[in-house]
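First the structure, in the form of structure tokens, and then the observations on it.
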Amino acid sequence: MKLNRGVNLGGYFSQCEHSIPHYESFIGEEDIKKIADIGFDHVRLPIDYEVFEQENGEPFEKGYELVKRVVEWCRKAGLDVVLDLHKAYGYDFNDAGNAEKNNLFTDERLKQRFVDLWKRIATNFKDYDNVAFELLNEVVEKENALLWNDLIERAMSAIRSLTKETPVIYGGIQWNSVKTLKLLEPPKYENVIYTFHFYEPLLFTHQKAHWVAAMDPNETISYPESMQYYCEKSKKLGYQGEVVTQAKSKTMGPEFIREMVEEAVSAAKNARVPLYCGEFGVIDQAPVQDTLNWFKDVDQVFREYNIGCAVWSYKEMDFGLIGSHYDPIRKDLLALWSHA
């Protein structure tokens, strides 16, 4: 399976209006062909549970049909597909810290529902040789570290009872932080891939983001700048700025990115599994040339460590690669990935 350089299809089956008209119109086969023509070798396909099941847990067969159609489009275009369960019933990373909404890890009924969903997904997609499974997009809370390991084991056991060949991807807690892969139990099964997400420094990649509470909606952040610049400004982000304020790197750029990534590389090496970055990107509010600078630095480090990755995201979602914001740098951006 080729998971070298890919792109996310955010907003298609996830973080969207869950309706057939939306599913039918947001992405078409022409988009898949375009992605292949650019030079990407795979897509990561975020999927909320609503696509696969009804609120009562019964399967939604039309959803399986629509996802299979995308998988077929991708196979025809020579693309592999990561089926990413972006939101599960009882767990949504957008509700991080809300124990009332996010009760997957404390409710036995919901744990079993999670496992049962993966059984159905595996049953439907196990015969596609261009598909990998990603168990859950982002587990956030520190208190769920051990519980996440337990749920991984249950889901893996169920999936491996149906298919031993399909790669299965999962990451650590705290939004798939590079620092939490070391908390995962060593895999008991073959064909496991560790994943992390990379949006550091968050102050730059998510500047003016309305969903980051401490982010100043009016402040423009440059890249690169001095570590002192980033350390001082990242303090306002509290916990989310700690990876910068506690970094040992003297410069912001490849040195800092390398420091971050090395923790994930070490964890994957110890577990004897490949490493994959399922998301990385820059919001369309950032200065466009600085955005190119950041992507070049990340690409350099990922290549140094032979890390496959999928950029966030193809269309819209405040990060849309084909949006007009990226027009001045799109040719240079795509050149980074077209020679993957």
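We count residues from 1, following the sequence as given.
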### Query
Can E72 and R69 be said to form a salt bridge (Lys or Arg N to Asp or Glu O under 4.0 Å), step by step?
CA-CA 5 Å; E72 291 288 358; R69 183 175 68 171; over 6 Å; no
### Message
Which residue is it: D41, D80, D299? I am looking for the one with a salt bridge (charged side-chain N to carboxylate O under 4.0 Å, His left out) to R5.
### Response
D299
### Message
Could you list the cluster mates of I193? Members are the ILVMFWY residues connected by side-chain heavy atoms closer than 4.5 Å, either directly or through other members.
### Response
M1, L3, V82, I169, Y276
### Task
Please test V168 against R160 for side chain to side chain contact (heavy atoms under 4.5 Å, CB included), starting from the C-alpha separation and ending with a verdict.
CA-CA 9 Å; V168 180; R160 285 294 176 249; 3.7 Å; yes
#### Entry: Aromatic ring pairing F196/F198, orientation class (parallel under 30°, perpendicular over 60°, tilted between)
perpendicular
### Query
For F280 and F302, what are the C-alpha separation, side-chain angles and deciding distance, and is it a ring-ring contact (aromatic ring centres under 6.0 Å, His included)?
CA-CA 11 Å; F280 70 112; F302 282 5; 5.6 Å; yes
### Task
Under the salt bridge (Lys or Arg N to Asp or Glu O under 4.0 Å) rule, what do R154 and E108 come out as? Steps first, then yes or no, please.
CA-CA 12 Å; R154 289 176 62 169; E108 178 57 33; 2.9 Å; yes
#### Entry: Donor-acceptor under 3.5 Å (W118 side chain, L135 main chain)
yes
### Query
If only atom types and distance count, is the side chain of R258 paired as donor or acceptor with the main-chain N or O of G253 below 3.5 Å?
no
### Query
Pick from E200, E263, E262: which one makes a salt bridge (charged side-chain N to carboxylate O under 4.0 Å, His left out) with K179?
E263
### Query
Does R44 use its side chain to pair, donor to acceptor, with the backbone of S313 at less than 3.5 Å?
no
### Message
When you measure from the side chain of S226 to the backbone of Y229, do you find a donor-acceptor pair of N or O atoms at a distance under 3.5 Å?
### Response
yes
### Message
Check whether N130 reaches the backbone of G78 with its side chain - one donor and one acceptor, N or O, closer than 3.5 Å.
### Response
no
### Query
Taking the inter-plane angle between the rings of W211 and F319 on a 0 to 90° scale, is it parallel (under 30°), tilted (30 to 60°) or perpendicular (over 60°)?
tilted
### Message
Would you call the rings of Y199 and H206 parallel, tilted or perpendicular, taking 30° and 60° as the class edges?
### Response
perpendicular
### Query
Between N102 and N98, is there a donor-acceptor pair closer than 3.5 Å when you use the side chain of the first and the backbone of the second?
no
### Task
Indicate if L162 and Y64 have the same hydrophobic cluster label, given that clusters are the connected sets of ILVMFWY residues with side-chain heavy-atom separations under 4.5 angstrom.
no
### Query
Can you tell which of H86, E316, K87 makes a side-chain hydrogen bond (donor to acceptor under 3.5 Å, both in side chains) with Q15?
H86
### Summary
Output for pair (L110 CG, D116 CG), nearest 0.5 Å, gives 11.5 Å
### Message
Among K68, K119, E65, E61, which residue satisfies the side-chain hydrogen bond (donor to acceptor under 3.5 Å, both in side chains) criterion with N124?
### Response
K68
### Query
N137 side chain to D84 main-chain N or O, any donor-acceptor pair under 3.5 Å?
no
### Message
For W337 and F295: C-alpha separation, side-chain torsions, deciding distance, then whether ring-ring contact (aromatic ring centres under 6.0 Å, His included) applies.
### Response
CA-CA 10 Å; W337 306 310; F295 273 114; 5.4 Å; yes
### Query
Is the side chain of E134 donor-acceptor paired with the backbone N or O of Y170 at a distance under 3.5 Å, no angle test?
no
#### Entry: CD on E255 to CG on D297, rounded to 0.5 Å
11.5 Å
## Note on the structure
Rounded to the nearest 0.5 Å, the CZ atom of R120 sits from the CZ atom of F52 at a distance of 10.0 Å
#### Entry: D48 side chain to E50 backbone, donor-acceptor under 3.5 Å
no
### Summary
D284 meets the side chain to side chain contact (heavy atoms under 4.5 Å, CB included) criterion, sequence neighbours left out, with D318, H325, Y326
### Task
Rounded to the nearest 0.5 Å, what's the gap from OG1 on T291 to CD1 on I283? Could you check?
10.0 Å
### Task
Mind jotting down which residue pairs meet the salt bridge (charged side-chain N to carboxylate O under 4.0 Å, His left out) criterion with at least one end in residues 25-39? Sequence neighbours excluded, please.
E29-K76
### Task
Anything under 30° is parallel, anything over 60° is perpendicular, the rest tilted; go ahead and classify F125 against Y128.
tilted
### Query
Short question: side chain of W148, backbone of G171 - any donor-acceptor pair under 3.5 Å?
yes
